[in-house]
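Shown next, in structure tokens, is the structure this report addresses.
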Amino acid sequence: MTQAETSVDFVRGIIADDNRSGKFGGRVVTRFPPEPNGYLHIGHAKSICLNFGLAADFDGVCHLRFDDTNPSREEMEFVESIQEDVRWLGYDWGDNLFYASDYFGQLYEYATKLIENGKAYVCDLTGDEVREYRGNLTEPGKESPYRNRTVEENLNLFKSMRAGFFEEGSHTLRAKIDMAAPNLNLRDPVLYRILKQTHHRTGDEWPIYPMYDFAHGQSDSIENVTHSVCTLEFEDHRPLYDWFLNELDIYRSQQIEFARLNITHTVLSKRRLIELINGGYVNGWDDPRMPTISGLRRRGYTPEALRNFCDRISVARRDNTVEIALLEHTLRDDLNKRSPRVMGVLDPLKVVIENYPEGKVEDIISTNNPEDLTMGERNVPFTRVVYIEKDDFREVPPPKFYRLSPGREVRLKDAYYITCNSVVKDETTGEVIELRCTYDPNTFGGTSADGRKVRGTAHWVSEEYAVDAEVRVYDHLFTTLDPDDVPEGSDWKDNINPDSMVVMESAKLEPGLNQAKPGERFQFLRLGYFCVDKDSTPEAPIFNRTVALRDTWARMDQDRKKN
RNA sequence: AGCCCUGUAGUGUAGCGGUAACACGCCAGCCUUUGAAGCUGAAAUCUCUGGUUCGAACCCAGGCAGGGCUGCCA
């Protein structure tokens with residue numbers, strides 16, 4: 001697609017219009033405003049790509065601002081992880097790193113101004129009373145009995161709040177708007193609450209903290225943010241956002257809402273992610289099954305794949321659930337181009353090639369990446385005893401099974417054709433534990449001069465030279481499209497996939513792979529993309545399966561079993 | 001129930017008055033020393049009903065369906 005044909009999302013449409021009308025003088029300033037109370041997940045990636053992408057497209061800047069107005073749940077650990085994740089995704093905020101807490105002083109002055117203008121008052125109602133007075137969806141609220149205090153009284157009370165003279169919960173500062181407004185956000189919203197907690201940046205300097213509504217828009221305004229992009233649930237807050245900027249008569253940033261991301265087979269709410277961790281269903285924020293940026297990173301995702309995914313899902317205002325298949329596609333698409341091919345056998349079956357001389361070793365030349373020949377070739381040692389995948393052998397081959405079975409011939413990738421002559425079984429269990437085969441010496445490299453058709457090609461690893469490794473095979477975290485799709489009385493956690501991680505303890509990999517560094521990615525031929533786990537060592541290598549290759553046979557086989 | 005938002009192939013997006021596009025997925029076929037990748041092809045009467053118009057997915061009205069909002073969370 002050419003640039004001209006590329007259609008733009010509605011946010012870019014708005015900005016283009018604004019640039020045409022000169023609304024912001026052609027300036028574009030966006031911001032990504034996470035609350036540092038958890039790790040970032042792929043839903044945040046959508047917002048990050050949007051905000052930083054907007055800045056890049058319109059020659060603007062994007063700020064990173066921590067929305068740290070609630071000291072009771074925010075921590076430094078999170079502000080660090082968030083910065084790491086944004087950087088890893090490939091974005092740079094330059095000098096524009098801000099904190100809402102940078103503006104506590106300014107925000108206090110704004111509040112004072114509102115009081116002076118008769119637009120805010122100190123309220124002594126308790127939390128329960130505030131709720132009662134607010135009314136509900138259908139009934140208007142009642143005005144607080146403290147609503148008509150004098151400016152002086154309010155000023156003094158607010159100063160006392162700030163000085164720490166009052167207990168938590170005893171007073172709030174509220175905007176004086178309209179207790180009968182159909183939009184509940186306008187029914188005298190709380191601006192400041194008393195919280196005697198140590199803040200991760202301002203320490204004990206403040207006993208009062210601004211609410212989101214009183215902090216966010218003004219922070220945007222202070223930073224001269226032009227387009228303040230947030231998710232749909234803040235839509236009803238926009239009138240309030242505008243009300244503050246208007247009453248305070250400060251820079252008018254514009255809030256634009258978009259629909260948040262949902263993905264099948266996973267959950268994306270912070271609350272649920274924490275529940276998965278605390279319940280021991282996963283091993284922390286960076287468990288490779290988690291949809292967190294750190295989890296995806298450990299799983300082997302690339303920033304490019306994630307950014308491409310965000311491009312493809314685009315952004316709109318309707319609720320959406322993106323199929324996880326699209327995410328996996330953008331991943332494979334990227335990995336396919338960049339990953340060197342290697343051979344690894346996850347579930348080994350021993351193959352003895354009876355007519356191949358004992359002790360003989362041949363170098364098999366293998367292409368590192370057929371998609372990119374500049375990645376070169378390598379030698380893989382071939383010997384009399386090799387391992388193949390158990391799945392590549394069936395004693396009784398079903399229809400359309402092109403792989404090995406007694407009497408059949410297959411190709412060992414890049415090496416030779418082999419024919420299975422007999423099987424060795426475990427005497428007690430009857431399980432096939434070894435294949436006795438012969439090879440055709442005239443098929444070196446994997447081709448025969450006589451043009452014989454060999455449909456199946458198997459990957460293999462020399463027994464003598466194999467590297468032992470642990471391979472963690474990951475799959476979707478939930479078995480159902482929608483984790484909430486549960487029968488009466490069940491829980492979304494009942495849909496957790498019991499096989500979301502299957503550990504293959506005795507995988508056999510081609511030589512050299514124990515030297516791969518954590519984070520290094522490979523395609524294990526015919527199986528999928530794998531990366532070295534952060535806990536891996538040369539002595540005890542650990543690989544994570546990032547994503548499987550599409551597997552037509554496995555699907556056919558499964559369908560066959562079902563029918 | 002009040003206010004606000006949304007409704008185009010299975011999914012996600014495009015289309016901005018002239019009878020639907022792209023991607024993923026799915027299915028069918030080709031190709032194949034990865035049953036991968038690649039290549040071909042197939043699938044929507046645009047939520048419904050009226051109206052405006054020569055002409056509507058696009059404009060208007062009214063239904064219906066889905067979502068958000070009743071924290072001193074963000």
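The structure presented is a predicted model; accordingly, all values stated were derived computationally and were not measured. In the text below, chain A, chain B and the rest are named by the order of the sequence lines, each starting its count at 1.
The phosphate of B:rA36 (OP1 or OP2) has no side-chain N or O of A:R332 nearer than 4.0 angstrom. Residue A:T69 places at least one side-chain N or O under 4.0 Å from the OP1 or OP2 atom of B:rA74. Here A:R455 does not reach the OP1 or OP2 of B:rG35: none of its side-chain N or O atoms lies under 4.0 Å away. Of the side-chain N and O atoms in A:R555, one or more sit less than 4.0 angstrom from OP1 or OP2 of B:rC26. Close to B:rC69, at under 4.0 Å from its OP1 or OP2, lies no side-chain N or O of A:R134.
Within 4.0 Å of A:S314, counting heavy atoms only, lie sugar-phosphate atoms of the nucleic acid but no base atom. Within 4.0 Å of A:Q523, counting heavy atoms only, lies at least one base atom of the nucleic acid. Counting non-hydrogen atoms under 4.0 angstrom, A:D236 reaches a base of the nucleic acid. Using a 4.0 Å heavy-atom criterion, one finds that A:F234 contacts the bases of the nucleic acid, with or without backbone contacts as well. Counting any heavy atom pair closer than 4.0 Å across all strands shown, A:D67 reaches sugar-phosphate atoms only and no base atom. At the heavy-atom level, A:L125 lies under 4.0 Å from base atoms of the strands shown. Note on A:F524: nothing from the nucleic acid sits closer than 4.0 angstrom, heavy atoms only. Within 4.0 Å of A:T552, counting heavy atoms only, lie sugar-phosphate atoms of the nucleic acid but no base atom. Within the nucleic acid shown, A:P33 has no heavy atom closer than 4.0 Å to any nucleic acid atom. Using a 4.0 Å heavy-atom criterion, one finds that A:R403 contacts the bases of the nucleic acid, with or without backbone contacts as well.
Checking B:rC3 for Watson-Crick or G-U wobble geometry (two distances, each under 3.5 Å) identifies B:rG68 as its partner. Nucleotide B:rA28 is matched to B:rU40 when pairs are restricted to Watson-Crick or G-U wobble geometry with both distances under 3.5 angstrom. Base pairing annotation: B:rC16 forms no Watson-Crick or G-U wobble pair, as no partner gives both donor-acceptor distances under 3.5 Å. Nucleotide B:rA56 is matched to nothing when pairs are restricted to Watson-Crick or G-U wobble geometry with both distances under 3.5 angstrom. Pairing of B:rA61, defined by two Watson-Crick or G-U wobble distances under 3.5 Å, is identified with B:rU49.
Regarding A:N308, its CG atom lies at a distance of 14 Å from the C1' atom of B:rG12, rounded to whole Å. In this structure, CG of A:N336 is placed 13 Å from P of B:rU34, rounded to the nearest angstrom. One atom, CG of A:D188, and another, P of B:rC72, lie 12 Å apart when rounded to the nearest Å. Separating the CG atom of A:L268 from the P atom of B:rA74 is a distance of 22 Å, rounded to the nearest angstrom. Rounded to an integer number of Å, the gap from A:H216 NE2 to B:rA74 P is 11 Å. Distance NE2 (A:H329) to P (B:rC26): 11 Å, rounded to an integer number of Å. Put simply, CG on A:D213 is 13 Å from P on B:rC69, counting in whole angstrom units. In this entry the distance linking CZ of A:R312 with C1' of B:rA14 reads 15 Å, nearest Å.
The base of B:rA74 sits with one of its N or O atoms less than 3.5 Å from a complementary donor or acceptor on the side chain of A:H237. Side-chain atoms of A:R550 and base atoms of B:rG35 include no donor and acceptor less than 3.5 Å apart. Counting distance only, with no hydrogens placed and no angle test, the side-chain atoms of A:R341 and the base atoms of B:rU34 include a donor-acceptor pair under 3.5 Å.
Take the nearest nucleotide of RNA chain B for A:G127 and for A:G446: the residue whose nucleotide is more 5' is A:G446. Taking the nucleotide of RNA chain B with the nearest heavy atom to each of A:E233 and A:R73, the more 5' of the two is matched to A:E233.
The backbone N or O of A:A548 lies less than 3.5 Å from a partner atom in the side chain of A:R332, making a donor-acceptor pair. Formation of a donor-acceptor pair under 3.5 Å by the A:R174 side chain with backbone atoms of A:C123 is not found in this model. No donor-acceptor pair under 3.5 Å is formed between the side chain of A:H171 and the backbone N or O of A:I194. Checked by atom type and distance alone, the side chain of A:H200 never pairs as donor or acceptor with a backbone atom of A:M76 at under 3.5 Å.
When side chains are defined from C-beta on, A:V380 counts as touching A:W460, because their heavy atoms get closer than 4.5 Å.
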Subject >> salt bridge (charged side-chain N to carboxylate O under 4.0 Å, His left out) assessment of A:K270 paired with A:E275 >> reply: CA-CA 9 Å; A:K270 219 173 271 184; A:E275 208 172 329; over 6 Å; no
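Checked for salt-bridge contact, A:E132 and A:K142 miss the test: no charged N lies under 4.0 Å from a carboxylate O. Salt-bridge annotation for A:R272 and A:D484: present, with a side-chain N of the basic residue lying under 4.0 Å from a carboxylate O of the acidic one.
Comparing the same atom, C1', in B:rA43 and in B:rG10 gives a spacing of 10 Å after rounding to whole Å. Across the C1' atoms, B:rU8 and B:rC58 are found 11 Å apart, a figure rounded to whole Å. B:rA1 and B:rC69: their C1' atoms are spaced 14 Å apart (whole Å). Of the C1' atoms belonging to B:rU40 and B:rU32, the separation is 16 Å, rounded to the nearest Å. Nucleotides B:rU19 and B:rG35 have their C1' atoms positioned 42 Å apart, rounded to a whole Å. Comparing the P positions of B:rC22 and B:rA61 gives a spacing of 33 Å, expressed to the nearest Å. Spacing of P atoms, B:rG18 relative to B:rU6, comes out at 22 Å, to the nearest Å. Using atom C1' as the reference point in both B:rU11 and B:rC27, the two lie 16 Å apart (nearest Å).
More than 12 heavy atoms of other shown residues, nucleotides or ligands fall within 6.0 angstrom of atom NZ in A:K196.
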**OP:** Using a 4.0 Å heavy-atom cut-off, write out nucleotides 5-11 of chain B from 5' to 3' as B (base contacted by protein), S (sugar-phosphate only) or - (no contact).
**Re:** SSSB-BS
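Both geometric conditions, a ring-centre gap below 5.5 Å and a plane tilt below 30°, are not fulfilled together for A:Y212 over the base of B:rA74.
The side chain of A:E35 sits closest to B:rC73 out of B:rU70, B:rU34, B:rC73.
What you find for A:L331 and A:G300 is that their closest heavy atoms are CD2-O, 4.5 Å. For A:Y39 against A:E77, the heavy-atom pair with the smallest separation is OH-OE2, 2.9 Å.
Between the side chains of A:Q523 and A:Y529, at least one donor N or O sits under 3.5 Å from an acceptor N or O.
B:rG51 adopts an anti glycosidic conformation, its chi angle falling more than 90° from 0.
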